Amino acid sequence: MAPSKPGQGFAGWYARIAAFNVEDLFSQKRAPGPPRTVFINEHLPDHYLDHKGRPKAEHVYTTNQVITSKYTILTFIPRNLLEQFRRVANMFFLGIAILQFFPKFSTIAPGVVILPLIIIIVITACKDGYEDIKRHQSDKRVNHSTVRVLSGGAWANPNRMRPKSKTFVRGLVPKRRSSKPGGGTDPDFEVDYEDRKSQSTDNSDSPSIGPHWKKTRWEDVRVGDFVKIMDNEPFPADILICATSEDEDVAFVETKNLDGETNLKSRHAVPALSHLRDAAACEAHKNSFRINCDRPDTDMYRLNANVVIDNETSPVDISMTLLRGTVLRTTKWAIGVVLYTGLDTKIVLNMGGTPSKRSKVERQMNPQVFINLLIMAAMAIACAIADSRLEIEYFPLGAPWLYGDDQSDDNPHINGLVTWAFSLLTFQIIVPISLYISIEFVRTCQAAFIYFDADIYYEKTRQATIARSWNLSDDLGQIEYIFSDKTGTLTQNSMVFRQCSIGGRAYRGDPQPLDDDYENDSTKAPSAKSLTEKNSKPVEVNLWSVAQSSTSAIATPPAHPTSNPPPGSGGDDPEEHFRDVELLHDLELAVSASPDSEHATHSRLLNGFFTVLALCHTVMTSVDPVTGEIEYKAQSPDEAALVQAAADVGFMFCGRDREILTLRTPSSSPDVEKYELLNILEFTSARKRMSVVLRKLGGEDERLFLLTKGADNVIFERLKDSEGELMAETETHLNEFANQGLRTLTLAYKVIAEDDYQAWNERHRAATVALDDREAKIEAVCDELEQDLRLLGATAIEDRLQDGVPETIADLKRAGIKIWVATGDKLETAIAIGRSTNLIASDSNIIIVRGGNEQGRPVYQQMIHAMEEFFSDGEVENFTPLRRSNSRNADRHQIPLERINSGASSIVGSENGDLPGGFVLVVDGAALLQAFSDEENKSLLLRLATLCEGVICCRVSPLQKALVVRLVKDGLGAMTLAIGDGANDVSMIQAADVGIGISGEEGLQAVNASDYAIAQFRFLKKLLLVHGHWSYARNGTMILNFFYKNVVPVGVLWWFQIYDGWSGNFVFDYIYVLFWNSLWTIAPVIGIGLFDRILDSRVLMEIPEIYHYGRRGTWFGLKSFLVYMFDGFVQSAIIYFLIAYTYTVPTARKDGYDVYLHEFSTTMAISAVMVANIFTGFNATAWTAWVFFAVFVGIVIVWAFTIIYSLIAPGYAVTALYGNDYFLFTSAYFWLCIPLTFLLSLTPRYVAKAWKFGFAPDDLDTIRWINKKDPYRDLAQESRVTTLTAIRRSASSASRRTSRSRLNDSVATLDLRRPSIDVRAASRTDMSTGLVSIDRGFDFATEENGVAMRRMQTNISERRESSRNLPRTSLSRKGKETLSQVFSLRRVRQKMSSVRKSE
């Protein structure tokens, strides 16, 4: 063993013991297996087998069974015992019980002594077992899900698997077998025949007639199995795609359960396996192949493998695999081969083992219990030494009580050791065995309070808030950092088109849908009715629609549409469809406006704007065969919202037939306009824009034009010089949209001359086939075309939040809790959500640290530069990560941001980087990967993050989420809470002190791994501010009073040793010690734990700042513990010495005899019970009826017991108190000592509390007084409460310009309203490039470099190549086209009218 480091000593030894984790002994820790080869329709090679013909261990794969529970039948008892005996007190109680099994030290029957410890252990084990049974039941629901697996015929899977684990529930609950009436197969194993030939026999249920797809449990899926996944079904393992139902074997998957992104991802099959399209082909031996795979790893975005078939090797990457945790969407079916199962799947590798969590209060209790043990040991050692010295001194003098004190087993030396053991038994009450069972009981009741709270019960799903771990309730009151997922936790996974700016005019949408009376009133909006009559019915934009027809076919709506909206289209929700009366009116004018009218310019902008929305996208269409509705198959929820918005106002995208796009407009209906798609300039994070090149077909001339949508700054710098005025107006609207938390896109267009396009297209084609630096060349050519654009306007989409999310986050921030968001979404999406949820204010300064940019600064340099640029040198050099950072001096040296000029105009104000909103750090997964590479980087990241008001981590993997939590948890020692709703959040939930799972749309994986399950994010506010704060205050006060009340009798026993020869004897009758913690004093502490209230729930909700008392550990800590211990010893001294000397001189008896021991000791016992109970009541803050009852019930019981016990005659039982009713209750000393000791003991604490309340009140005292005098006062709406000076909103250490008034005002002066619209939006600094810009809410979610996009690009290229030499039937006009020639609806209408007249 390596020598211990200097300076560790006892503290280091104790720290190592305290840090011991039981789960390290029982968790399934295993290194990822070696690279594997999966054999299909082949036998295992000889070198895979050992000498006995069995597969070698490295070639036996883990089962697909996934277990999130802690215990099994074999590990339950040892693991639970180890967890319980981590408590120092339990070890002590066990030692004391063992000691009393020796007759010499036995006080009562040994079985009775150990019985309380056994009861505590059994009850706690039952509670833990019940919690784990719930986890096992959740695991069972997942593991018993079914999937279609190839079976029958000659199919045999040669790959070997480990046996499944016996779980807790499976071992205890017998498995039920159900059968169909009259015989038949188990309904859990249904057979689904794909090959129609196999149904030629009548016995179609027999699995032996041929290859078929058999429904099998997930846990029974094996490596090498063929599986068939149907639409909207999740994947049970990591699967290689062989074939799909879609053209070119493309599959669309929803990955939000892995990376949090809401847009669909496209995957494609391995071309060499695309012939495996049915069960018969998969089973055929001629279709044998093998798959060589890398070893399992945690990288969600990388997979290296290859398929070897007929000695030909085909590469395999992540785009050809379907990962566990994802769901098949918009694809009828997909067939694949299982590569990794269970613990080897990427999502499970990113999870950790189920931890054994202990609350912070419990961890703090251990050293306090240890202190009590040291005090007890010191007392016992003192008694042993003193007794031994007295025996040595008095034995030579012939002391009669020491007769025969010279034996080998009875002499002063050995008797000192015996006295030490007796003293341990005498003073053992200082560590109360009932403390732990009381805590478990109280926490169980607190879990029930949470469960039955109607305010955090979600009526829609009938789901209550459930405490899955009952021992963490007090941790909810001490949270300092919250780590939240985005998708499904903060948002609803729904995009809604809210507002737009067109031609400098903002359309903000109607707050409510138009009712029938409004629509029929022609004087109010004559255009509304006419437009809706002309247009076809609303289109259903469905991200998850099933393709019922070929996506290449043009979807034509029915001739006679019904008025009912399609199911799922949100027709019953008035916010699903964009409506604006003013916009409808302007569109009506656009249809009829003449080229020379005053409305002509804006009309052309309107028509161009919605044409761009309807055509610049990659959406596919299909027709629902049941309803006849057009369904849009959109990978991106943003594109779905944009296309639907265009359809809502009459610009309906009808579909795509190869490269021909069809559009129905208000002027063309019922006819359609057709456009030829020539090029798609794909959206990427670097380009921040998407463009399409289209040719309009069917007119006199076929014009070419470019339609573009993208980020405002990217579009603005590519506009014509003449667009300055319109750009300024649009910029103002963008700032307004961004301040409302909306996601913005800017739209523009350009007319292209035919000759210019042909020359550009040749350069673009050459760039796409270049071998060197292809991406840069393509970008350069695209940038050439995307110049001199004409601005149309901007869109504003809402990523709809869960109910109450912004308000909840605002209140949690007021409570002093720092909120970090960790999401797999891209950077722009993360920033947009930060704005909409109040994490990023309109005046915040955003610091972006990114990795993976080869041309940018390294991550370490980015963090250093950010520290030097935005924070003073002294703070950078002297900053030490602490649990609570102090407020910074607002007068420190300020380093302003650099002003940057873009190509279009100045986009940065003079005060960027010095805005009063503080700093928000945004860091991506690539940067975190480098930051976690060494301790120096981690420390620097933690320093930078703690100086900022908030942190948003984007593009992070599940494992990185957990690492971020541990960074704060271990680096700062802060209390952390993680909340999420998907499988990608499990590792983060397990890493935090408290894990919250939301029962959302992403399954129950997060709930299964969580400590608390809630239905809505907004419930977190009451869970923390009320239940958490109450539980922490109650439990902390209860534990401190538990220690205090046990010090009182121990002190009395200690003082008695001075006058009893340090013998270790009891001064009370043992019955008073025996029932001290079970009858006399137990009720008051439990009453505080259950019914005490520091403040009413209404006040705690209205003034979140009060939560800082919990964050600072006010209710429990070493200082409070020592104060209570001191109180107990002082009161014990008052009780003992006042009563002892009162009864000693002169005698209290009328007959003159000396006082019997149990006369004055019984007085001490009754006085001690009364003092302990009333003192405990003093520490309660709400004397409710239950608290009042709890305080006085023990006093009544001890008086009644003493009276009855004193009357028991020796004929019934020999008691030491017989006759006390005569000697004690008739003594004036007794009636004088009780009130004197009671008053003298309680006076110091009473005076201290009175002085504090009268002369030095804190906020709690002040609010209690206000609430008492005016219980109906609305504290949330108070403009100022002058007496609340202690609670202040902590100034952001990140803001250099913190308002002085904000520092000096109390909580009630805070203005929490949303800031007014300010053209100066948030400053945004990209530390990788040094670019400083205004953040105007740009965001657009779509798959980059996806399979579907590559397929479209290939189809366009091939079609153009095939028609390169064909002459065009008509030539386009060159170079002089204007906006009116492209987008004039009147021009189209006039042409159509003339054609009809001629006919």
Side-chain angles (χ1 to χ4, degrees), residues 7-20 86-92 358-379 427 429-432 435-436 438-439 442 471-480 880-884 886 969-970 972-975 993 1028-1029 1031-1048 1050-1051 1085 1088-1089 1094 1107-1132 1172 1175-1176 1178-1179 1244-1245 1248-1249 1252 1258 1260:
Q8 285 187 338
F10 175 78
W13 172 80
Y14 178 80
R16 286 192 294 272
I17 293 180
F20 170 71
R86 286 190 299 182
R87 297 170 173 171
V88 176
N90 282 353
M91 294 293 294
F92 167 72
R358 291 191 302 160
S359 70
K360 181 180 179 181
V361 167
E362 185 175 339
R363 296 195 301 269
Q364 289 176 316
M365 275 176 54
N366 265 353
Q368 296 176 4
V369 170
F370 199 77
I371 291 174
N372 278 3
L373 291 177
L374 292 178
I375 293 174
M376 181 190 65
M379 289 179 171
F427 301 130
I429 195 176
I430 197 172
V431 182
L435 170 61
Y436 290 99
S438 300
I439 292 175
V442 166
N471 62 328
L472 300 176
S473 57
D474 38 65
D475 277 353
L476 294 173
Q478 306 172 75
I479 300 301
E480 298 173 80
T880 302
L882 298 175
R883 303 192 56 186
R884 286 170 288 275
N886 297 324
K969 179 181 175 182
D970 300 335
L972 301 179
M975 290 294 295
D993 292 290
H1029 209 168
S1031 297
Y1032 175 49
R1034 289 168 173 173
N1035 294 354
T1037 305
M1038 177 186 72
I1039 295 169
L1040 291 173
N1041 280 279
F1042 233 113
F1043 284 127
Y1044 150 79
K1045 75 181 184 63
N1046 281 36
V1047 166
V1048 174
V1050 168
V1085 288
I1088 287 179
I1094 50 174
Y1107 189 80
H1108 84 279
Y1109 285 99
R1111 290 188 300 105
R1112 296 176 181 176
T1114 303
W1115 311 112
F1116 191 74
L1118 185 59
K1119 179 181 177 182
S1120 302
F1121 168 77
L1122 295 177
V1123 170
Y1124 274 80
M1125 295 288 287
F1126 178 76
D1127 271 336
F1129 275 113
V1130 169
Q1131 292 172 13
S1132 69
F1175 182 86
T1176 301
F1178 270 4
N1179 296 314
R1245 176 56 68 103
K1249 290 176 70 72
K1252 177 180 177 296
D1258 59 15
L1260 294 178

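Below, all heavy atoms of this structure are taken into account, side chains as well, without hydrogens, waters or symmetry copies. Predicted model only: the values in this text are computed from it and were never measured.
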Open item on the list: Has Asn1041 got a side-chain atom pairing as donor or acceptor with Val1085's backbone, closer than 3.5 angstrom?
Closed with: no
Task: Close side-chain approach of Arg358 to Asn366, heavy-atom, < 4.5 Å - done: yes
Open item on the list: Does any part of the side chain of Phe1116, heavy atoms only, come nearer than 4.5 Å to the side chain of Met365, both counted from C-beta?
Closed with: yes
Task: Min side-chain heavy-atom separation Leu435-Phe1043 under 4.5 Å - done: yes
- [ ] Provide the closest heavy-atom pair for Ser1031 versus Ser473 in the form atom of the first, atom of the second, distance.
- [x] CB-O, 3.5 Å
- [ ] Please state whether the rings of Tyr1124 and Phe1175 are parallel, tilted or perpendicular, taking 30° and 60° as the class boundaries.
- [x] perpendicular
TODO: For side chain to side chain contact (heavy atoms under 4.5 Å, CB included), just list the numbers for Ser359 and Asn471, CA-CA rounded to whole Å, side-chain angles, deciding distance to a tenth of an Å, and then say yes or no.
DONE: CA-CA 7 Å; Ser359 70; Asn471 62 328; 5.7 Å; no
- [ ] With sequence neighbours left out, write down each residue that passes side chain to side chain contact (heavy atoms under 4.5 Å, CB included) with Ser1120, or none if nothing qualifies.
- [x] Leu1040
N/O donor to acceptor pairs below 3.5 angstrom from side-chain atoms of residues 370-378, sequence neighbours left out:
from   : atom 1 : to     : atom 2 : distance (Å)
Asn372 : ND2    : Ile430 : O      : 3.2

Open item on the list: Main chain of Gln478, side chain of Tyr1107: is a donor-acceptor contact present, judged purely on distance under 3.5 Å?
Closed with: yes
- [ ] Would you indicate whether the side-chain heavy atoms of Met1125 and Tyr1044 approach each other to under 4.5 Å?
- [x] no
TODO: Report the C-alpha distance between Asp1258 and Lys1252 in whole Å, list the side-chain angles of each, state the deciding distance to 0.1 Å, and finish with yes or no for salt bridge (charged side-chain N to carboxylate O under 4.0 Å, His left out).
DONE: CA-CA 8 Å; Asp1258 59 15; Lys1252 177 180 177 296; 3.1 Å; yes
TODO: Mind listing the closest non-hydrogen atom pair of Ser1132 and Gly1051 along with its distance?
DONE: OG-CA, 3.4 Å
Task: Closest non-hydrogen atom pair between Lys969 and Asp993, with its separation - done: CE-OD1, 3.5 Å
- [ ] Taking the side chain as every heavy atom from C-beta outward, state whether Leu972 and Glu480 have any atom pair closer than 4.5 Å.
- [x] no
Open item on the list: I need the Phe1121 CZ to Leu1118 CG distance, nearest 0.5 Å.
Closed with: 7.0 Å
Open item on the list: Treating Asp475 as the side-chain partner and Lys360 as the backbone partner, does any N or O pair qualify as donor plus acceptor under 3.5 Å?
Closed with: yes
Open item on the list: Quick check for you: to the nearest 0.5 Å, what is the distance between Trp1115 atom CH2 and Asn1179 atom CG?
Closed with: 11.0 Å
TODO: Spell out, as yes or no, whether a donor-acceptor pair under 3.5 Å connects the side chain of Arg1245 to the backbone of Phe1178.
DONE: no
- [ ] Please examine the side chains of Asn1035 and Ile439, heavy atoms only from C-beta on, and report whether any two atoms are closer than 4.5 Å.
- [x] no
- [ ] May I have the step-by-step check of side chain to side chain contact (heavy atoms under 4.5 Å, CB included) for Arg1034 and Ile1094, ending in yes or no?
- [x] CA-CA 8 Å; Arg1034 289 168 173 173; Ile1094 50 174; over 6 Å; no
Task: Side chain Thr1114, main chain Tyr1109, donor-acceptor under 3.5 Å - done: yes
- [ ] Provide the closest heavy-atom pair for Ile1088 versus Met1038 in the form atom of the first, atom of the second, distance.
- [x] CG2-N, 4.2 Å
Task: Thr1176 side-chain N/O to Ala1172 backbone N/O, donor-acceptor pair under 3.5 Å - done: yes
